[in-house]
Chemist: 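Next up is a structure, given as structure tokens.
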Amino acid sequence: MASYLQIADDEKGHDLDLFCVPRHYESDLDKVIIPHGLIMDRTERLARDIIQDMGGHHIVALCVLKGGYKFFADLLDYIKVLNHNSDKSVPLTVDFIRVKSYCNDKSTNSVRVIGGDELSNLAGKNVLIVEDIVETGRTMQTLLSRLSECNPKMVKVVSLLVKRTPRSSGYRPDYIGFEVPDAFLVGYALDYNEYFRDLSHICILNDQAKEKYKV
């Protein structure tokens, strides 16, 4: 079972005025729940765990856009450092796909996979899927089902966040950064209708902001 850092349901978080938060978002957030520095430290450890498990084989890192791009970039930077400074290094190539399953703060129960160079090129490859957050797990199960048709040699999934929710299908990634409460989280490239990607910390969105940025 994957190890992770658990953020409790009654976690009080941190006051916004203790951190650098863009002024245009100050009235939209309840609190900082995971500061940027903690995200980076946990990401560094995930990189080490991934290299220990998958090292020695060519890895195709598959970024799930848009929310996963920041975690993807930082994770690969840490893997690159490990490649440069250890006896065990691994060739790494990248690809990008987009998975759409949300409108406002609700899952649509309809999952669309967009983009990616020919996924058939993943046949016989070791694939690392990099995701920002797993909630119900159905989006990732749909993606894994599609990838399995391409006959990769190995598929591992790393997600920065996994949400504790009664809507979960029971799916768990191979690597997990944080297990978080069932609240709507934004920041560190997680968005609400494309807003808040430019926020460094992971924060809880307040109800007024959900109405303010609703489409």
Chemist: Please answer: with hydrophobic residues joined when any side-chain heavy atoms are less than 4.5 Å apart, are Met40 and Val180 in the same cluster?
Modeler: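 Met40 clusters together with Val180.
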Chemist: Just one of Val130, Ile129, Val134 clears the side chain to side chain contact (heavy atoms under 4.5 Å, CB included) bar with Pro173, so which one?
Modeler: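 With Pro173 as partner, side chain to side chain contact (heavy atoms under 4.5 Å, CB included) holds for just one option, Val134.
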Chemist: Begin from the C-alpha positions of Gln6 and Tyr4 and carry the test side chain to side chain contact (heavy atoms under 4.5 Å, CB included) through to its verdict.
Modeler: CA-CA 6 Å; Gln6 185 179 75; Tyr4 51 85; 4.1 Å; yes
Chemist: Ring centres under 6.0 Å, that's the criterion: do Phe184 and Tyr192 meet it?
Modeler: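 That pair passes the under 6.0 Å test.
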Chemist: Is there a side-chain contact between Glu131 and Val162 in this structure, where contact means two heavy atoms from C-beta onward sitting under 4.5 Å apart?
Modeler: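 Side chain of Glu131 against side chain of Val162, heavy atoms only: no contact under 4.5 Å found.
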Chemist: Would you say the rings of Tyr25 and Tyr195 are close, in the sense that their centroids are separated by under 6.0 Å?
Modeler: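 Aromatic pair excluded; centres sit 6.0 Å or further apart.
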Chemist: Mind listing the closest non-hydrogen atom pair of Pro35 and Phe19 along with its distance?
Modeler: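 Scanning both residues, the minimum pair turns out to be CB-CE2, 3.7 Å.
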Chemist: Look up atom CD1 in Ile204 and atom CD1 in Ile34, then write down how far apart they are to the nearest 0.5 Å.
Modeler: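 Here the interatomic distance stands at 9.5 Å.
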Chemist: Is there a side-chain contact between Asp174 and Val158 (heavy atoms, below 4.5 Å)?
Modeler: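 They are not in side-chain contact.
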Chemist: Between Leu82 and Arg48, is there a side-chain heavy-atom distance shorter than 4.5 Å?
Modeler: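 Yes, at least one pair of side-chain atoms sits under 4.5 Å.
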Chemist: Count I, L, V, M, F, W, Y as connected when their side-chain heavy atoms are under 4.5 Å apart, and connections chain through other members. Are Ile51 and Val94 then in the same cluster?
Modeler: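 Linked within one cluster.
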Chemist: For residues 148-157, please give each side-chain donor-acceptor pair under 3.5 Å, one per line with the distance, not counting sequence neighbours.
Modeler:
unit_1 : atom_1 : unit_2 : atom_2 : d
Ser148 : OG     : Ser145 : O      : 2.6

Chemist: Are the side chains of Asp41 and Arg45 in touch, meaning some heavy atoms are under 4.5 Å apart?
Modeler: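 In short, these two side chains do not touch, never coming nearer than 4.5 Å.
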Chemist: So, for Asp198 and His24, which heavy atoms are closest and what is the spacing to 0.1 Å?
Modeler: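 The pair with the smallest heavy-atom distance is OD2-NE2, 3.5 Å.
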Chemist: If you look at every heavy atom in Asn206 and Ser27, which pair is closest and at what distance?
Modeler: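 Taking every non-hydrogen atom into account, ND2-O, 2.9 Å.
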Chemist: Identify the two heavy atoms, one from Ala8 and one from Pro181, that lie closest to each other, and give their separation to 0.1 Å.
Modeler: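 What the structure gives for the nearest pair is O-CG, 3.4 Å.
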Chemist: Out of curiosity, Leu92 CG to Leu76 CG, how far, rounded to the nearest 0.5 Å?
Modeler: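 It comes to 4.5 Å.
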Chemist: Nearest 0.5 Å, please: how far is CZ in Arg197 from CG in Asp132?
Modeler: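 These two atoms lie 8.0 Å from each other.
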Chemist: Please walk me through it: do Ser169 and Gln141 pass side chain to side chain donor-acceptor pair (under 3.5 Å)?
Modeler: CA-CA 9 Å; Ser169 65; Gln141 287 173 317; 3.1 Å; yes
Chemist: Should Lys31 and Asp15 be marked as a salt bridge (Lys or Arg N to Asp or Glu O under 4.0 Å) after you check the CA-CA gap, both sets of side-chain angles, and the distance that decides it?
Modeler: CA-CA 6 Å; Lys31 58 188 176 183; Asp15 291 339; over 6 Å; no
Chemist: First locate atom CG of Leu75, then atom CG of Leu160, and finally report the distance between them rounded to the nearest 0.5 Å.
Modeler: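 Between Leu75 CG and Leu160 CG, I get 9.5 Å after rounding to 0.5 Å.
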Chemist: Going by the side chain to side chain donor-acceptor pair (under 3.5 Å) test, which pairs reach into residues 57-71, not counting sequence neighbours?
Modeler: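 For residues 57-71, and leaving out neighbouring residues, the side chain to side chain donor-acceptor pair (under 3.5 Å) pairs sorted by first residue read His58-Thr93, Lys66-Glu194, Lys70-Asp74.
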Chemist: For residues Leu190 and Leu5: do they belong to one hydrophobic cluster (side chain heavy atoms under 4.5 Å, members Ile, Leu, Val, Met, Phe, Trp, Tyr)?
Modeler: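 Leu190 and Leu5: one cluster.
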Chemist: Hey, are the side chains of Ile202 and Leu161 touching, using non-hydrogen atoms and a 4.5 Å cut-off?
Modeler: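 They are in contact (side-chain heavy atoms under 4.5 Å apart), so the answer is yes.
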Chemist: Can you find a heavy atom in the side chain of Tyr213 that is under 4.5 Å from one in the side chain of Asp28?
Modeler: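 Yes - at least one pair of side-chain heavy atoms lies under 4.5 Å apart.
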Chemist: Within the structure provided, determine whether Ser168 and Thr136 are in side-chain contact (heavy-atom separation under 4.5 Å).
Modeler: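 The answer is no, as the side chains (C-beta and beyond) never meet within the 4.5 Å cut-off.
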Chemist: The test is side chain to side chain contact (heavy atoms under 4.5 Å, CB included); show your working for Leu143 and Val64 and say whether it passes.
Modeler: CA-CA 10 Å; Leu143 177 56; Val64 181; 4.1 Å; yes
Chemist: Rounded to the nearest 0.5 Å, what's the gap from CG on Leu205 to NZ on Lys212? Could you check?
Modeler: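 So the gap between those two atoms works out to 10.0 Å.
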Chemist: Might you point out which heavy atoms bring Gly177 and Leu46 nearest each other, and give the distance in Å?
Modeler: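 Where Gly177 meets Leu46 most closely, the heavy atoms are CA-CD1, 3.8 Å.
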Chemist: Could you go through the side chain to side chain contact (heavy atoms under 4.5 Å, CB included) check for Glu179 and Arg172 one step at a time?
Modeler: CA-CA 11 Å; Glu179 187 185 76; Arg172 304 283 285 187; 3.1 Å; yes
Chemist: Let me confirm one number: the CG-CZ distance from Leu128 to Phe72, rounded to the nearest 0.5 Å.
Modeler: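 Taking CG in Leu128 and CZ in Phe72, the distance rounds to 8.0 Å.
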Chemist: Kindly give the heavy-atom pair with the smallest separation between Leu199 and Pro22, and that separation in Å.
Modeler: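 Heavy atoms of Leu199 and Pro22 come nearest at CD1-CD, 3.6 Å.
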Chemist: Please find out if less than 6.0 Å separates the ring center of His201 from that of Tyr188.
Modeler: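 No: the rings miss the under 6.0 Å criterion.
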Chemist: Could you tell me whether the side chain of Leu147 reaches within less than 4.5 Å of the side chain of Leu62, counting heavy atoms only?
Modeler: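 Heavy-atom side-chain distance check passes, below 4.5 Å.
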Chemist: Between Arg164 and Glu135, does any side-chain N to carboxylate O distance fall below 4.0 Å?
Modeler: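 Here Arg164 does not pair with Glu135 in a salt bridge, since their nearest N and O are not under 4.0 Å apart.
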